[in-house]
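In what follows, a structure is listed as structure tokens, so that the remarks can point back to it.
All residue numbers in this chain count up from 1 along the given sequence. Counting starts at 1 for both ligands and their atoms, in listed order.
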Amino acid sequence: MKKNPQTELIHAPRKAPQYISTVQPPLFRASTIIFENTNALFDRHWTDDYDYSYGTHGTPTTFTLGDQIAQIEGGLHHLLAPSGLSAINLVNSCFLSHGDEVWVADNIYGPNMEHLRNLEKRYGIVVQVYNPIDVDTFTPSINAKLIWLEAAGSVTLEFPDLIGLVQKAQAHNMLTALDNTWGAGLAFNAFDFGIEHLSVDISVHALTKYPSGGGDILMGSVVTRDKKLHHKLFRTHAIQGISISGDDAAQVQRSLASMRLRYEHQSQSALQLLQWLKQQTAFVQVLHPADESSAGHTYWKDICTEQHSAGLVSVVFDPKYDVQDIRSFCDALKLFKLGFSWGGPVSLVMLYNLKDMRVLEHSHIKAGLLVRFCIGLEHPADLIQDIENALQHLNKRSLK
Ligand SMILES: *Cc1c(COP(=O)(O)O)cnc(C)c1O
């Protein structure tokens with residue numbers, strides 16, 4: 001029967017033939033997912049984590065990405081969230097209730113700490129802070145429920161005693177959640193430390209960083225190996241309406257093919273910069289887990305290799321430089337752009353004042369203002385030249 005042209009516009013999709021095959025998988029965009037008939041509708045298990053029912057629960061596009069992230073990280077089950085922070089919040093809101101104690105490293109990703117402090121104030125969760133390189137500062141009480149781990153830690157890049165911390169948490173029947181953004185599943189396997197039964201329970205990953213690799217897409221993941229834990233997370237994910245765009249998922253999935261190569265390249269570039277930065281008199285300390293003088297270096301060495309040491313390196317400026325000096329240094333950089341995040345093609349710089357960021361004493365970091373470099377895909381020689389020019393600018397300025 002001939003239909004009205006308006007109806008034809010809506011109901012005349014060309015179906016792809018069965019035999020067609022493309023390099024990238026087809027992209028599904030969906031809020032509605034169409035059931036073949038009422039049997040299919042009523043046979044569907046609404047609590048089945050990987051069944052198709054509605055866009056928020058996932059499509060072949062988002063499940064493909066999730067499967068691959070879980071595989072890279074050594075996990076089995078996955079959930080995706082619209083940002084790394086949203087993935088962190090999913091874990092916190094799923095497992096923490098009134099009276100529960102949560103342990104966080106002093107160098108934890110700042111917004112995670114902020115989120116937990118908010119939960120503490122509003123819902124009576126107790127936040128405790130430990131020193132990531134000193135297991136003895138982690139003293140869980142009977143109410144301890146969850147510990148957040150991060151390797152290496154944000155900004156100051158201490159590598160924690162992951163194995164010691166996980167062992168202690170397990171002995172106290174606590175859940176262990178790792179912010180795995182730095183290692184990206186490539187630097188080490190958080191679900192298998194090579195010691196029997198030693199594994200984190202939950203790995204959270206800001207896919208915004210290395211998996212996206214473009215500096216243009218926000219996304220996060222929560223990976224587990226335990227079916228029960230995953231199912232609890234899945235229910236929270238569902239009732240909170242957390243979902244991601246199919247287009248974004250397809251973009252990140254497309255970038256996964258080159259992730260390991262980019263990660264290794266950025267690791268190598270960061271190591272080259274590290275060697276050069278250490279020779280500069282403007283810095284009193286250079287922070288990178290592969291450097292012997294960095295806190296937690298031996299823990300890094302136990303489970304990582306130089307090939308996979310990520311593209312982040314921080315420097316502490318000589319205290320003779322004040323905030324205005326450091327600002328002018330950052331402004332004088334041309335290739336390093338001033339911005340948050342990392343893992344993209346463009347190198348980034350950010351300045352920090354640790355005084356406002358740490359709860360515990362941190363005598364392993366020298367006094368002075370701190371700058372973090374995130375190494376992109378530019379040639380390292382050009383990046384070194386860029387920093388050298390900015391240092392010359394800084395020294396001319398401080399002579400005035
Ligand atoms: C960027 C980042 C996050 C948050 O990811 P967003 O997608 O930006 O919300 C979490 N943890 C770490 C370590 C990060 O670097």
Nearest-contact summary for [atom] - protein heavy atom, Å:
{"atom": "atom 7 (O) of ligand 1", "value": "T208 OG1, 2.5 Å"}
{"atom": "atom 8 (O) of ligand 1", "value": "L218 CD2, 4.0 Å"}
{"atom": "atom 9 (O) of ligand 1", "value": "L85 N, 2.9 Å"}
{"atom": "atom 1 (C) of ligand 1", "value": "K209 NZ, 1.5 Å"}
{"atom": "atom 3 (C) of ligand 1", "value": "Y109 CZ, 3.3 Å"}
{"atom": "atom 13 (C) of ligand 1", "value": "D179 OD2, 3.4 Å"}

ask   = Looking at CG of D216 and OG of S341, how far apart are the two atoms once the value is rounded to the nearest 0.5 Å?
value = 10.0 Å
Ring-ring centroid check F329 F317, cutoff 6.0 Å = yes
ask   = Is the centre of the F63 ring less than 6.0 Å from the centre of the Y52 ring?
value = yes
key: Proximal ligand 1 atoms for A206, defined as those under 4.0 Å from one of its heavy atoms   = 2 (C), 3 (C), 4 (C), 5 (O)
query = Numbering the atoms of ligand 1 from 1, which are under 4.0 Å from a heavy atom of E150?
reply = 13 (C)
query = Does the distance from a Lys or Arg side-chain N to an Asp or Glu carboxylate O, for R117 and E120, drop under 4.0 Å?
reply = yes
query = Taking the non-hydrogen atoms of W342, is any one of them nearer than 4.0 angstrom to ligand 1?
reply = yes
Contact (N/O only, under 3.5 Å) between G84 and ligand 1 = yes
note = Closest heavy-atom pair, V91 versus V222, reported as atoms and distance to 0.1 Å, is CG2-CG1, 4.0 Å
S255 versus R262, closest heavy-atom pair with distance = O-NH2, 2.8 Å
inquiry  = Once ring pair (Phe, Tyr, Trp, His ring centres under 6.0 Å) is applied, what residue pairs with a partner in residues 229-248 remain, sequence neighbours excluded?
reply    = Y50-H230, H77-H230, H231-F234
